[in-house]
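No experiment lies behind these values; they were computed from the predicted model shown. When a ligand or atom number is given, it counts from 1 through the structure's own listing order.
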Amino acid sequence: MRKRLRKLLLVFDIRLKEVNMTGEQWWQQAVVYQIYPRSFQDSNHDGIGDIPGIIARLPYLKSLGVQVIWLSPIYESPNDDNGYDISDYCRILPEFGTMADVQEMFSVAHRLGLKIMMDLVINHTSDEHAWFKASRQSKDNPYRQYYIWRDPVDGHEPNNWQSDFGGSAWAFDDTTQQYYLHLFSKKQPDLNWENPTLRHEIYSMMTWWLNQGVDGFRMDVINLLSKPVHFVDDPNVTTENHSSSMNFIANGPKIHAYLQEMNHEVLSKYDIITVGETPGVTTKDAIKYAGTTANELQMTFQFEHTEVDNSREGFGKWSDERFNLVTLKRILSKWQNDLYGKAWNSLYWNNHDRPRVVSRFGNDSDQYRVISAKMLATTLHFMQGTPYIYQGEEIGMTNVKWPSITQYKDIDTRNAYDDLVLKQKRMTPDKMMSYIYHSSRDNARTPMQWDKTLNAGFTDDKPWLPVNNNYSEINVSAALSDKQSLFYYYQKLIHLRQTMPPITTGKYVVLDIADDSVYAYRRISDDAQLLVISNFTEKMQKRHYERPDSATVLISNYDDDLGDTLRPYEAKVYLF
Ligand code: GLC
Ligand code: CA
């Protein structure tokens, strides 16, 4: 069986090169690893992750096998939203290091054959950005037009739009007696993309970064750039429901014109990877943004599968409901099918804004944590698209439960608690805490667990956010010394993607979509077929899926194959 597999892999290897010559893009075979710099590795004993810390860990990422690293923002920022509020696009936050450190990071990464993708936050800046400081000075300041200012209406906010972090999306500024728009915190004023001077200033900043050696951009809430023409009320906001106006504002009338302009002025001139974070996109929208002939972006991050367990009472992600597998399958299958041959999917289970995947879609108990995490990885990594691994996912890091809201640092979590519990009194503190355990962004932001020494080897000082208590069992060093670990499983998945074209090119066909326990699908290409089977439950299941006797198991999270019997969280992939 081994021999046959090796032969097959060889054939595929040869084909892979052909595929490349016939127009597959390098980023379509790549796997991306996301680093949240603040929580990755501290190098100078201040409890905050930094660039030298990242440099020290690049060989680790190389050994995992990923090709691209996406860094959450490292620019100068007062950190109201942990770096997503930028006060200078061309300077590095001193806590993270210097521009020289960044140069060093690029060169070490490139020497190792790793590419670096930067986060680009251009829907808004910090209110401490020089542009905004000038903008708020007077109505005739040249920078006034860089942001979105409106007169009060009847002494109130210009309309009912709600910020994504709770409360009105408008803040009143005393100096000029006008409101400015902020779809996120007050300290994140929205830029005015109607203004061509602003747009070109952003394009030159992007070009500057590309010339520094950046290999791509992840574009923060990029589909919010173009606001509705008339600032009419958001009909989804009612007296009872203060939900975010993000989806109402998304995909505005000029968004494609802006992105095509950006592509023409900047992106098209470089061989880079681009992905747009696009809340509220449908598959139709995604084809417009990232279609093969769109000339805008290469991929989008869609949100539908991350909203699968949203509140049924209108609290958005603040819920503790367990997801429904059939709904999840329907969503992921729709994305696989609708984009096939037309646009390219990004594949992700979690990121710095989402809870840990094993706690959410798997089972983080001692008994099932590793096996269910392998199952989830298998399910995602055999789909068509570019997979994104979030730091710590490869060792199965889990959510946290801190007893008090005061222990949480995330602005989104704290604002939601203030709004829903204290101001609006719509739920008890206990209820809200159980929602926070399920959905808070701090679940993903606890420091990376490197080993079982003090603070998980992340820092030898007090970490900026506490380390998860389970670090003495769950850490990189333990994973590296265990041949059966999740780390090595990810390594194998990444290697398979690079050596097996059907993973990149095959047609996706879901099986028994109404099955609420097992997720099974095929990937069909001209010369080979993959059958992916994942048991999402801790119960044994019996399922039969047609396959020839010659089918071999390509990868599995159990040592042997029991055919139609599926053990708890079993995942396996047949090749034929
Ligand atoms: C994106 C980021 C998130 C940030 C928000 C505002 O959703 O991923 O972390 O808070 O944009 O920039
Ligand atoms: Ca540090």
Tell me if the centroids of the rings in [X] and [Y] come within less than 6.0 Å of each other.
X	Y	answer
Y348	H305	yes
F132	Y180	yes
H129	Y75	no

(request) Give the contacting part of R218 toward ligand 1: side chain, backbone, both or neither, where contact means a heavy-atom distance below 4.0 Å. (result)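 Side chain only; the backbone of R218 stays clear of ligand 1.
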(request) Check F165 against ligand 1 and report side chain, backbone, both or neither, counting heavy atoms closer than 4.0 Å. (result) side chain
(message) The test is side-chain hydrogen bond (donor to acceptor under 3.5 Å, both in side chains); show your working for N192 and W149 and say whether it passes.
(response) CA-CA 9 Å; N192 176 19; W149 293 95; over 6 Å; no
(message) Please give the atom name: the N, O or S atom of D50 nearest to the Ca ion (ligand 2).
(response)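 For D50, the N/O/S atom sitting closest to the Ca ion (ligand 2) is OD2.
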(message) Among the N/O/S atoms of D46, which is closest to the Ca ion (ligand 2)? Give the atom name.
(response)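 Within D46, restricted to N, O or S, the Ca ion (ligand 2) is closest to atom OD1.
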Can you report which non-hydrogen protein atom sits closest to [atom], along with the distance?
atom	answer
atom 7 (O) of ligand 1	E277 OE2, 2.9 Å
atom 4 (C) of ligand 1	D81 OD2, 3.3 Å
atom 5 (C) of ligand 1	F184 CE2, 3.8 Å

(request) Begin with the C-alpha distance, continue with both residues' side-chain angles, and end with the deciding distance and a verdict on ring-ring contact (aromatic ring centres under 6.0 Å, His included) for Y147 and H124. (result) CA-CA 9 Å; Y147 294 87; H124 44 268; over 10 Å; no
For ligand 1, which atoms, with element, lie under 4.0 Å from some heavy atom of [X]?
X	value
R445	9 (O)
H124	6 (C), 12 (O)
R441	3 (C), 4 (C), 9 (O), 10 (O)

On the six-membered ring of [Y], is [X] placed so that its NZ or CZ lies under 6.0 angstrom from the centre and within 45° of the ring axis?
X	Y	answer
R426	F315	no
R57	W450	yes
R199	W193	no

(request) Would you mind finding which of V221, L224, D220, D353 brings a heavy atom closest to atom 12 (O) of ligand 1? (result) D220
(message) Salt bridge check, R356 against E393: does any charged N sit closer than 4.0 Å to a carboxylate O?
(response) no
(message) Strictly under 3.0 Å, is the Ca ion (ligand 2) approached by any N, O or S atom of N44?
(response) yes
(request) Take the Ca ion (ligand 2) as the vertex and measure to O of I48 and OD1 of D42; round to 10°. (result)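 If I round to 10°, I get 80°.
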